**Student:** 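The structure that follows is given in the form of structure tokens.
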Amino acid sequence: MALNQSGWRPQMNAVEGEAAATFTGNRALMLEEALIFEIGSLDTTGVDFAEAPKAASRLGGLERHRDIGLPGLSEPEAVRHYTRLSRQNYGIDLGFFPLGSCTMKHNPRLNERMARLPGFADIHPLQPVDTVQGALEVIDQLAHWLVTLTGMKAVAMSPKAGAHGELCGILAIKAALEARGEDRRVVLVPESAHGTNPATAAFAGFSVEDIPATPDGRVDVAALTARLGPDVAGVMITNPNTCGLFERDLKTISDAVHAAGGYVYCDGANFNAIVGKVRPGDLGVDAMHINLHKTFSTPHGGGGPGSGPVVLSEALAPYAPLPFVERQGDRFVLVEEETAGEHHGSSFGRMVSFHGQMGMFTRALTYILSHGADGLKQVAEDSVLNANYVLRSLEDVLDAPFANSGPCMHEAIFSDRGLAEGFSTLDIAKGLIDEGFHPMTVYFPLVVHGAMLVEPTETESKAALDQFIGAFRSVAQRAKAGDAALKSAPHFAPRRRLDETLAARKPVLVWKEPAQAQAAE
Ligand SMILES: *Cc1c(COP(=O)(O)O)cnc(C)c1O
């Protein structure tokens, strides 16, 4: 399609054959936006620099001879470009975000205020520790509360995400086994565990064996205990699990694993549902990561880095990675090297250059202190209540495979059973976009056919949930009635339905000038 007069081309799918087609592709005040390379031209620039003085090149012939090819835009053009793009983004500050397993909940602004204090925000990891005592105290206090909330012995603060924390825990297990002089090579992973669990065990050099789930969505304890033996290093269990259920038998499982000489890794990414209510240490867990960017409300994804501290049992604490913060009298030190001592002579080494994400630590501690013990308990209770409200409000229109397995935790799961011939979970997800909701997680967990996983979180009001439930119900009914229009949803979004297979198989990642693109065709 040719560039129009204003220098950019309306997007095909926004104008094609729709009653709402406009000359520009804009809809009311929702503006279409082309790529920056399509708007800007090489001949224009937004700045007016004086001619650079002639200088002899010292690049030995390596200097660039061709134009760098960046689009030139004036300041208002650049501002509008990015503002228009930002309006096409959907985020937790804009509306409900039922993306399960990820705790897309409101991040209190108080956290941000604290993280921006210059004493936390404007420091450098190589600064002398005497000048960052307050920051180290924040890390130490957060560590204290994480250990207290989980009933564990120690915590490694440096891992940078949940999966990184899993690796930390597995490496601690490996180090403990090596110290015992035992060569155990198998890690058992139940079907109801998160996909990162088997990936982590394999990455650390273990061979992974699946343990089946019972029809009610929990670990098959008999199958698991039957497989224990001298070759089993341990188990990795997600609790609450990816079916949205609490693994009620975890203590029994831990006791059996310990009796057989193994260790218990618990994936604690779903700690949101049980914080303040259950201490994993009481259930015999040896290592568990906590996603600060989920349970403790620090922004993540496009919004920032993650942080996955790992709490450790007495058995694994000596193997924690370096560095760590330690209180010595009235000051804090950063232990950077292995020294002989009660707690640290056997560290398995170092996972990251520095000691973690200061901004995340500050936000998480702010969140914990501002909620208090009663507030954190209420987080768990309300997140579970909200998920059960969604589950019970929709189970008459959608198949809920675990509806008879007792209350769910903080995630409600539905399947595609009962939709009209040719209709799928994807159609429901796309239909929800037209209703103004970011879709839930789809096709996960894998044990449920056409899974739809909704995590409302505790920060949504009943009014917000009722609106979502109403929209979900209406879209589900259309999918059951075989409403053809749903097959091509979304109709109102800036982009229509994409060919996801083509996008995944043949992604177009580099912009080419139209002339070049035509030549390539
Ligand atoms: C998010 C999540 C992970 C991985 O955490 P990251 O911080 O994304 O690496 C692992 N397990 C479960 C259950 C999760 O929800």
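One-based numbering along the sequence shown. As the structure is a prediction and not an experimental result, all values here were calculated from the model.
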**Student:** Can a donor-acceptor pair be found, under 3.5 Å and without considering hydrogens, that links the side chain of Arg218 to the backbone of Phe246?
**Tutor:**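 Here the side-chain-to-backbone pair exists.
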**Student:** Tell me if a side-chain donor or acceptor on His164 pairs with a main-chain N or O of Gly306 at a distance below 3.5 Å.
**Tutor:** no
**Student:** Test your reading of the model: is there a side-chain donor-acceptor pair from Tyr443 to the backbone of Leu426, 3.5 Å cut-off?
**Tutor:**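 Here the side-chain-to-backbone pair exists.
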**Student:** Would the number of heavy atoms belonging to other residues, nucleotides or ligands and lying under 6.0 Å from CG of Asp122 be above 12?
**Tutor:**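 Yes - once you tally the heavy atoms of other residues, nucleotides and ligands closer than 6.0 Å, there are more than 12.
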**Student:** How would you list, by chain and number, every residue that makes a side chain to side chain donor-acceptor pair (under 3.5 Å) with Asp399, sequence neighbours excluded?
**Tutor:**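 Checked Asp399 against side chain to side chain donor-acceptor pair (under 3.5 Å); matches are Ser415.
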**Student:** Is it true that Tyr367 and Asn107 share a donor-acceptor pair across their side chains at a distance under 3.5 Å?
**Tutor:** no
**Student:** Do we see a donor-acceptor contact under 3.5 Å between the side chains of Glu458 and Asn386?
**Tutor:** no
**Student:** Would you indicate whether Lys377, at its atom NZ, is surrounded by more than 12 heavy atoms from other residues, nucleotides or ligands within a distance under 6.0 Å?
**Tutor:** no
**Student:** Quick one: does any side-chain atom of Arg497 pair with a main-chain N or O of Lys487 as donor and acceptor, under 3.5 Å?
**Tutor:**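 Such a contact is found between Arg497 side chain and Lys487 backbone.
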**Student:** For Glu112, give me all partners under side chain to side chain donor-acceptor pair (under 3.5 Å), at least two apart in sequence or on another chain.
**Tutor:**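 Glu112 satisfies side chain to side chain donor-acceptor pair (under 3.5 Å) with Arg116, Arg363 once adjacent residues are dropped.
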**Student:** Within the 3.5 Å criterion, strictly below it, is a donor on Thr295 or Asn272 matched to an acceptor on the partner's side chain?
**Tutor:** no
**Student:** Tell me every residue that passes ring-ring contact (aromatic ring centres under 6.0 Å, His included) with Phe206, counting only those two or more places apart in sequence or in another chain.
**Tutor:** none
**Student:** Determine whether the aromatic ring centres of Tyr90 and Phe437 lie less than 6.0 Å apart.
**Tutor:**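 No, too far apart.
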**Student:** Mind jotting down which residue pairs meet the salt bridge (Lys or Arg N to Asp or Glu O under 4.0 Å) criterion with at least one end in residues 430-441? Sequence neighbours excluded, please.
**Tutor:** Lys430-Glu500
**Student:** Would you say that more than 12 heavy atoms from the other residues, nucleotides or ligands in this model lie under 6.0 Å from the NE2 of His449, or not?
**Tutor:** no
**Student:** Taking atom types as modelled and ignoring hydrogens, do the side chains of Glu166 and Thr200 form a donor-acceptor contact shorter than 3.5 angstrom?
**Tutor:**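 Indeed, the side chains of Glu166 and Thr200 share at least one donor-acceptor pair under 3.5 Å.
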**Student:** Quick check on Glu75: does its CD atom have over 12 non-hydrogen neighbours (other residues, nucleotides or ligands) under 6.0 Å away?
**Tutor:**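 No, not enclosed.
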**Student:** Listed by chain and number, what are the ring-ring contact (aromatic ring centres under 6.0 Å, His included) partners of Phe37, not counting sequence neighbours?
**Tutor:**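 With neighbours one apart ignored, the set is Trp511.
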**Student:** Before accepting this row, confirm whether a basic side-chain N of the pair Lys506/Asp499 lies closer than 4.0 Å to the acidic partner's carboxylate O.
**Tutor:**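 So Lys506 does not pair with Asp499 through a salt bridge.
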**Student:** Kindly write out the residues that satisfy side chain to side chain donor-acceptor pair (under 3.5 Å) with Thr298, not counting sequence neighbours, or none if the list is empty.
**Tutor:**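 For Thr298 there are no side chain to side chain donor-acceptor pair (under 3.5 Å) partners, ignoring immediate neighbours.
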**Student:** So which of Asn239, Thr238, Asn241 actually passes side-chain hydrogen bond (donor to acceptor under 3.5 Å, both in side chains) with Glu247?
**Tutor:**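 Among Asn239, Thr238, Asn241, the one meeting side-chain hydrogen bond (donor to acceptor under 3.5 Å, both in side chains) with Glu247 is Asn241.
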**Student:** Do we see a donor-acceptor contact under 3.5 Å between the side chains of Thr44 and Glu77?
**Tutor:**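 No, Glu77 and Thr44 have no side-chain donor paired with an acceptor closer than 3.5 Å.
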